[in-house]
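Read the structure below first, then the notes.
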Amino acid sequence: MTDLQKDMNRTHHCSQLRATDIDTQVTLMGWVQNRRDHGGVIFIDLRDKEGITQIVFNPENSKETHAKAQEIRSEYVLGITGKVIARPDDMVNAKRETGAIEVMADGLCIFSRAKTPAFQIEDRIEASESIRLQYRYLDLRRPQMKNNIIARHTATTAIRNYLNDQGFVDIETPFLTRSTPEGARDYLVPSRVNPGEFYALPQSPQLFKQLLMISGFDKYYQIVKCFRDEDLRADRQPEFTQIDMELSFVDETQIMDVAEGMIAKTFKAVLDMDLKLPFPQITYDEAMDRFGLDRPDLRFGMELCEVSDLVKDTGFKVFASVVKNGGMVKAVNAKGCATFSRKQIDELTDFAAVYKAKGLAWIKIKEDASWQSPIAKFFTDQEQDALKQRLDMEPGDIIFFVADQIKITNEALGQLRNELARRKGLIDEDAFSFTWVTEFPLMDYDETEKRYQALHHPFTAPLEEDVEKLSSDPLAVKSRAYDLVLNGIEIGGGSIRIHSSDLQEKVLECLGIDQAEANDKFGFLLEALAAGAPPHGGIAFGLDRLMMILCKEDSIRNVIAFPKTQKATCMLTEAPSIPSTAQLQELSIKTVKTQE
RNA sequence: GGGGGUGUAGUUCAGUUUGGUUAGAACGCUUGCCUGUCACGCAAGAGGUCGCGAGUUCGAGUCUCGUCACUCCCGCCA
């Protein structure tokens, strides 16, 4: 095999040459996308990061090079020297940017031969995901994957430039840190020099960025890996990347301004798209009321409608008793869907059951405006009229009802709304619909552990006017937390933090975290808060989810170069692996994993 | 922890409902022919632990039980 020769210096990349370059002597380097051997003449599509150029080997031009070209196969790595020539008029390939020209090779260097790849390097070939992950280096040669990874770079570059221009300071925070209170399960790292003790990998740099505000850094950001040892989903990986920021002497408005500016720059850089600012805002309560979810998809309407008041005394006992017991009856009008078959309705009932709904009641409005429904007979004429008006029932519509505890009703019907929109094709796949969701509850009640729990995290500030309710009615306290939702997916969230140790202690008390526990787990933060803390707040964005939406992918794995499987393994490196006994001894660890 | 889906040639899949001859297709691969293709064409050929293990049966890719892997979802993820 020949080494890179002195005269083989790349002059162009593979999407660069045009008709204006004809007669230029060039050197290209890249991988063999495709070989077409016509016996006499051989065509090679040479591919690099930028694109593809056709190379021609013609024995009349160089007998020696043509002979050498016969052994070329897919994915060989080549250096080619030759002259750019025009293609015959009727041979121009309009589908390709470089289709007007080709390179007549007079020199060929085979840098590497390649085994036949496990799958072809083309977007249209559908290799299964496990094969793709096993040969990720091949998968990343595919234009779609390559473009996703480059788009991610384009995004982070735009984000860094924007935040730098806004006066933010990029500061690294430790990966080897200590376990945080509440929240997700931590990844633990044993400490060799402190036998029996463990670091935790950060679930987020939350406490450190607050400490940086207390240090006076004013505006901090970091594009940083975070770690959570929980079960995975299409939009969840054990290690993921956050765009993390924190600001001092600000309130919600300024943080949202900065975040919107950053998102707008990102969309401009990646998609050359101008977003309309500012983004709309909706309170948590309103989102739950109208959409049933705290991450409403605003690309379509079909809002939910509460009817508890209309059916509280109805003859349909299921509805009446739910209302009597503090539950809620809500409905959604699927316009024009009265054509749904019994089977389709059964499927939707199963769908709602996933979210704990015990049933799905329905009313079809027939063309003559009469009702077809298993529950219609239970309603009085007045109730029917009231429902008809409230739900804007028209011939051809079907109404779905869920009656359950408030939480279940909202979740099930909210998810059903999304599902109906998917089924009916109501979603504009090219739309980007943003909304802020504000004024989340500060805490909720954990039924299993019988105590209050912070919805966001325990350092989130309550709304000032709600502070007095902390002791009297904790569940009614709203927080200064906000999420940014895009197309029904939460892409970022943050809050104004508590900057007074007094208030912090009060909130911790409310959460049932006593002083001893608080001091043990994050006493350093409480002490720091007493050292002169500025009012501050921040936000963190999930870079992977943002890129997933920007790249129109269904899974964040397709915007991560080396993602993990659902069982958090790496198919390429086969991590995790069993350490040697010697390693374990050094770490003072006894393993429970035995040979089987 | 729970529910659903998938697993057959290098790859993507058909075949499994109703057990029965030599397990097929496409792409890829190999060889030969071909001087204008660009998803080249033509001809020939190689290629299989039907995920793995038990069981039922005269006989299992197909039925039963178990198990593993990948995947979607619920729980979980402040």
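Note that the structure is a prediction, hence the values are computed from the model and not measured. Below, chain A is the first sequence line, B the second, and so on; all start at residue 1.
Across the P atoms, B:C29 and B:U11 are found 14 Å apart, a figure rounded to whole Å. Distance check on atom C1': B:U56 versus B:U62 gives 14 Å, rounded to whole Å. Comparing the P positions of B:A43 and B:G53 gives a spacing of 40 Å, expressed to the nearest Å. Nucleotides B:C65 and B:G10 have their P atoms positioned 30 Å apart, rounded to a whole Å. For the P atom pair drawn from B:G19 and B:U71, the interatomic distance equals 34 Å after rounding to whole Å. Rounded to whole Å, the C1' atom of B:U16 lies 14 Å from the corresponding atom of B:U64. Straight-line distance between the C1' atoms of B:G45 and B:C38: roughly 26 Å, to the nearest whole Å. Taking atom C1' on both nucleotides, B:A69 is separated from B:G51 by 8 Å, rounded to a whole Å.
Counting any heavy atom pair closer than 4.0 Å across all strands shown, A:S128 reaches sugar-phosphate atoms only and no base atom. Nucleic acid contact class of A:T53 (heavy atoms, under 4.0 Å, all strands): none. Using a 4.0 Å heavy-atom distance criterion, A:R557 is classed as a sugar-phosphate-only contact. Residue contacts for A:I52: at a heavy-atom cut-off of 4.0 Å it reaches no nucleic acid atom on any strand shown.
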- Sequence-aligned protein contact record of nucleotides 1-7 of chain B, with B where the base is within under 4.0 Å of a protein heavy atom and S where only the sugar-phosphate is: B------
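Atom-to-atom, CG of A:L138 to P of B:U11 comes out at 12 Å; the value is rounded to the nearest Å. The distance between atom CD of A:Q415 and atom C1' of B:C72, rounded to the nearest whole Å, is 14 Å. Rounded to whole Å, the distance from CG on A:L416 to C1' on B:C74 is 16 Å. Atom-to-atom, CZ of A:R47 to P of B:A39 comes out at 15 Å; the value is rounded to the nearest Å. Atom CD of A:Q453 is separated from atom C1' of B:C77 by 12 Å (rounded to the nearest Å). Taking atom CD on A:Q134 and atom C1' on B:U11, their separation rounds to 12 Å, with Å as the unit. Here B:U11 presents its P atom at 20 Å from CG of A:D123, a figure rounded to the nearest Å. Between the P atom of B:C74 and the CG atom of A:L232 lies a distance of 13 Å, rounded to the nearest Å.
Pairing partner, B:G41: B:C33, with both Watson-Crick or wobble hydrogen-bond distances short of 3.5 Å. As the counterpart of B:U16, no nucleotide is assigned, since no Watson-Crick or G-U wobble pattern has both distances under 3.5 Å. Under the Watson-Crick or G-U wobble criterion, with both distances below 3.5 Å, B:U6 is paired with B:A69. The base-pairing partner of B:A23, taking Watson-Crick or G-U wobble contacts with both distances under 3.5 Å, does not exist among the strands shown. Pairing for B:C50 is absent, with no Watson-Crick or G-U wobble pair whose two atom distances lie under 3.5 Å.
Atom CG of A:D473 has more than 12 neighbouring heavy atoms from other residues, nucleotides or ligands inside a 6.0 Å radius. In A:W31, the CH2 atom is not crowded: 12 or fewer heavy atoms of neighbouring residues, nucleotides or ligands sit closer than 6.0 Å.
In this pair, A:F459 and A:H457 present their aromatic rings tilted. The plane angle is within the 30 to 60° band.
Salt-bridge formation is detected for the pair A:K209/A:E246: a Lys NZ or Arg NE/NH1/NH2 atom is positioned less than 4.0 Å from an Asp or Glu carboxylate oxygen. Of the charged side-chain nitrogens involved, none lies within less than 4.0 Å of a carboxylate oxygen, so that A:K83 and A:D106 do not count as a salt-bridged pair. Using a cut-off of 4.0 Å between Lys/Arg side-chain N and Asp/Glu carboxylate O, A:R35 and A:E71 are scored as not salt-bridged. The pair A:D446-A:R451 does not meet the salt-bridge criterion, since no charged nitrogen lies less than 4.0 angstrom from a carboxylate oxygen. Contact check on A:R295 versus A:E490 returns no salt bridge, with no Lys/Arg side-chain nitrogen under 4.0 Å from an Asp/Glu carboxylate oxygen. Taking 4.0 Å as the cut-off between side-chain N and carboxylate O, A:D21 and A:R18 do not count as a salt-bridged pair.
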All N/O contacts under 3.5 Å from nucleotides 28-38 of chain B to the protein, with atom names and distances to one decimal?
{"from": "B:U30", "atom 1": "OP1", "to": "A:R73", "atom 2": "NE", "distance (Å)": "2.9"}
{"from": "B:U31", "atom 1": "OP2", "to": "A:R73", "atom 2": "NH2", "distance (Å)": "3.3"}
{"from": "B:C34", "atom 1": "N3", "to": "A:D37", "atom 2": "O", "distance (Å)": "3.1"}
{"from": "B:C34", "atom 1": "N3", "to": "A:G39", "atom 2": "N", "distance (Å)": "3.4"}
{"from": "B:C34", "atom 1": "N4", "to": "A:D37", "atom 2": "O", "distance (Å)": "3.3"}
{"from": "B:C34", "atom 1": "N4", "to": "A:G39", "atom 2": "N", "distance (Å)": "3.4"}
{"from": "B:U35", "atom 1": "OP2", "to": "A:G40", "atom 2": "N", "distance (Å)": "3.2"}
{"from": "B:U35", "atom 1": "O4'", "to": "A:V41", "atom 2": "N", "distance (Å)": "3.4"}
{"from": "B:U35", "atom 1": "O4", "to": "A:E60", "atom 2": "OE2", "distance (Å)": "2.6"}
{"from": "B:G36", "atom 1": "N1", "to": "A:E102", "atom 2": "OE2", "distance (Å)": "2.8"}
{"from": "B:G36", "atom 1": "N2", "to": "A:E102", "atom 2": "OE1", "distance (Å)": "2.6"}
{"from": "B:G36", "atom 1": "N2", "to": "A:E102", "atom 2": "OE2", "distance (Å)": "2.8"}
{"from": "B:U37", "atom 1": "O4'", "to": "A:H38", "atom 2": "NE2", "distance (Å)": "3.3"}
{"from": "B:U37", "atom 1": "O2'", "to": "A:H38", "atom 2": "NE2", "distance (Å)": "3.4"}
{"from": "B:U37", "atom 1": "O2", "to": "A:R36", "atom 2": "NE", "distance (Å)": "2.6"}
{"from": "B:U37", "atom 1": "O2", "to": "A:R36", "atom 2": "NH2", "distance (Å)": "3.1"}
{"from": "B:U37", "atom 1": "N3", "to": "A:Q54", "atom 2": "OE1", "distance (Å)": "2.9"}
{"from": "B:U37", "atom 1": "N3", "to": "A:Q54", "atom 2": "NE2", "distance (Å)": "2.9"}
{"from": "B:U37", "atom 1": "O4", "to": "A:Q54", "atom 2": "NE2", "distance (Å)": "2.7"}
{"from": "B:U37", "atom 1": "O4", "to": "A:R87", "atom 2": "NH1", "distance (Å)": "3.4"}
{"from": "B:C38", "atom 1": "O4'", "to": "A:R36", "atom 2": "NE", "distance (Å)": "3.0"}
{"from": "B:C38", "atom 1": "O2", "to": "A:Q54", "atom 2": "OE1", "distance (Å)": "3.2"}
{"from": "B:C38", "atom 1": "O2", "to": "A:N93", "atom 2": "ND2", "distance (Å)": "3.2"}
{"from": "B:C38", "atom 1": "N3", "to": "A:R87", "atom 2": "NH1", "distance (Å)": "2.6"}
{"from": "B:C38", "atom 1": "N4", "to": "A:R87", "atom 2": "NH1", "distance (Å)": "3.3"}
{"from": "B:C38", "atom 1": "N4", "to": "A:M91", "atom 2": "O", "distance (Å)": "2.4"}

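Taking the nucleotide of RNA chain B with the nearest heavy atom to each of A:E122 and A:A127, the more 5' of the two is matched to A:A127. Place A:H456 and A:Q566 on RNA chain B by their nearest nucleotides, and A:Q566 ends up nearer the 5' end.
Ring to ring, A:F175 and A:F227 are close: their centroids are under 6.0 angstrom apart. A distance of 6.0 Å or more separates the ring centres of A:Y220 and A:F208. In this structure, A:F440 has its ring center at least 6.0 angstrom away from the ring center of A:H456.
Between the side chain of A:R236 and the base of B:C76 there is at least one donor-acceptor pair of N/O atoms closer than 3.5 Å.
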